[in-house]
Structure formats: structure tokens, C-alpha cells
Amino acid sequence: MKPRGKRGDGLVIVYTGGGKGKTTAALGMALRAIGHGKRVCMIQFIKGSWSYGEMESSRLLEPGFEMIAAGRGFVGIIDDKSPREDHERIAGEALRLASERVRSGAHDIVILDEINYAVDLGLVPVSGVLGILDARPPEVSVVLTGNRAAGQVVERADLVTEMREIKHPFREGVRAKKGIDF
Ligand code: ATP
Ligand code: MG
């Protein structure tokens with residue numbers, strides 16, 4: 001087994017499952033880490049056309065927090081009718097950016113938000129994600145969010161939490177709420 005923890009090593013953390021709270025758990029960790037003067041980068045792989053509150057509030061935490069909406073490339077440039085290759089190209093660019101940021105050692109924590117969905121949809125190969133985890137400087141933590149995390153990613157992780165839905169107002173037809181869902 002690889003030596004871990006003793007040298008203050010970073011962790012590979014996965015937030016997965018069908019319940020709400022994966023991205024917000026990652027954001028909560030970022031808030032905590034920045035309070036200790038740590039540098040956090042969050043790369044969003046897939047996001048809809050909504051304006052998420054964290055895109056604005058993350059600016060208040062600069063330079064400790066850097067938010068990169070790579071998935072924003074999906075919005076505007078690409079609509080649902082666009083060829084699959086375009087989706088793959090943009091997801092691939094996000095993956096390359098993620099690889100650069102993790103390797104650079106410029107951040108203590110790199111959050112790859114919704115990357116598990118990108119893998120599940122076949123937009124990025126799981127080998128690409130595993131490559132990033134393998135090339136990670138030992139002091140850097142990587143957080144991967146999104147449901148249906150790949151088995152190989154779960155296997156490689158140090159910490160995995162599965163959010164399980166017990167209730168969600170969505171089931172009662174309640175629409176997404178500003179400040180709670182986006
Ligand atoms: P959050 O961003 O609130 O932490 P999440 O990251 O766990 O949620 P995603 O799978 O990324 O969830 O879903 C993104 C959007 O869907 C968010 O607006 C979130 O609130 C909402 N959502 C999450 N879980 C559910 C659910 N079980 N049913 C309906 N909507 C959900
Ligand atoms: Mg999410």
C-alpha cells in the first residue's frame with residue numbers, strides 16, 4: 001500500500017450518490033480550507049445554463065479560491081443538438097485543464113465538480129481521470145463530485161461519501177430554489 005497521511009499527504013475524495021449535497025459538500029470544504037490560507041481551485045465540468053451562486057461568491061474568496069466554469073463551454077457554444085464530438089472536445093479540454101492544475105501544485109485542493117457525470121456519459125475516459133490521480137503531487141487533494149462515480153475512481157479514493165436521497169422536494173414538484181439548489 002502507498003504510504004499515506006504521515007507526511008500530511010493530500011487525499012482523493014469522492015462525493016457521489018443520488019441525494020443532494022455533493023457539490024455543496026465540496027464547496028463547504030473549500031470554504032473551510034480557504035480559512036486556513038489554503039488555495040483551492042474548482043473546475044466545473046458540466047453545468048446547465050443557470051447562474052450558480054458559487055460562481056459569484058467564489059470571487060469574494062479570491063485569490064484563495066479560483067473557480068473555472070469549463071462546462072460553461074457547453075452553454076452558448078453548444079446546444080443539445082450539437083454533435084457528440086463537440087461535447088467530447090469540450091469535456092476533453094476541461095480534463096486537460098484539470099490535469100495541468102493538479103500537476104502544477106499551485107493549489108492545495110482541486111475540485112473536479114461533476115466529473116463523475118462526464119465519465120458516466122462517456123465524454124471523458126476513466127483512464128484520463130485515473131491518470132490525473134496518479135500524477136497528483138502527494139500534498140495535493142483532489143475532490144471528484146457527481147453521481148455514478150466509476151468503480152476504479154472509488155477504488156483509488158481515500159474518502160468516499162455516497163449521498164443517499166431520503167426526501168427531496170423535487171419529488172413533490174417543488175422547483176429548484178435560488179440559494180439552495182443553485
Ligand atoms: P448540490 O449542488 O445541491 O450539492 P449535488 O451536487 O448533489 O447538489 P447534482 O447531481 O450535481 O447534485 O445536481 C445538480 C442540481 O440538481 C442541483 O441544483 C441540486 O440541488 C439538484 N439535485 C441534487 N440532487 C437531487 C435530487 N435527488 N433530486 C432532484 N434534484 C436534485
Ligand atoms: Mg453537483
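Order of appearance sets the numbers: ligands from 1, and atoms from 1 within every ligand.
Of the listed residues (Tyr117, Phe170, Tyr15), the one carrying the non-hydrogen atom nearest atom 29 (C) of ligand 1 is Phe170. Closest to atom 30 (N) of ligand 1 by heavy atom, among Lys22, His168, Lys20, is His168. For the residues Glu165, Lys177, Glu54, Glu114, the heavy atom positioned nearest atom 27 (N) of ligand 1 is part of Glu165.
Each of Asp120, Thr16, Val119 was compared with Arg148 under the side-chain contact (heavy atoms from CB on, under 4.5 Å) criterion, and only Asp120 meets it.
Residue side and main chain included, Thr145 places no N/O/S atom under 2.8 Å of the Mg ion (ligand 2).
Here the N, O or S atom of Glu114 that is nearest to the Mg ion (ligand 2) is OE2.
Contact of the Val142 side chain with the Val102 side chain is registered, since non-hydrogen atoms from C-beta on lie closer than 4.5 Å. In this structure the side chain of Ile46 reaches within 4.5 angstrom of the side chain of Leu123, judged on heavy atoms. Within the 4.5 Å cutoff, the side chain of Leu130 has heavy atoms near those of the Val153 side chain. Residues His107 and Glu66 form a side-chain contact, since some pair of their non-hydrogen atoms from C-beta on lies under 4.5 Å apart. Counting heavy atoms from C-beta outward, Met67 and Glu54 have side chains that approach closer than 4.5 Å.
Within the 4.0 Å heavy-atom cutoff, Gly19 counts among the residues contacting ligand 1.
Distances between N or O atoms of Gly21 and those of ligand 1 include at least one value under 3.5 Å. Between Tyr52 and ligand 1, a contact under 3.5 Å exists for no N or O pair.
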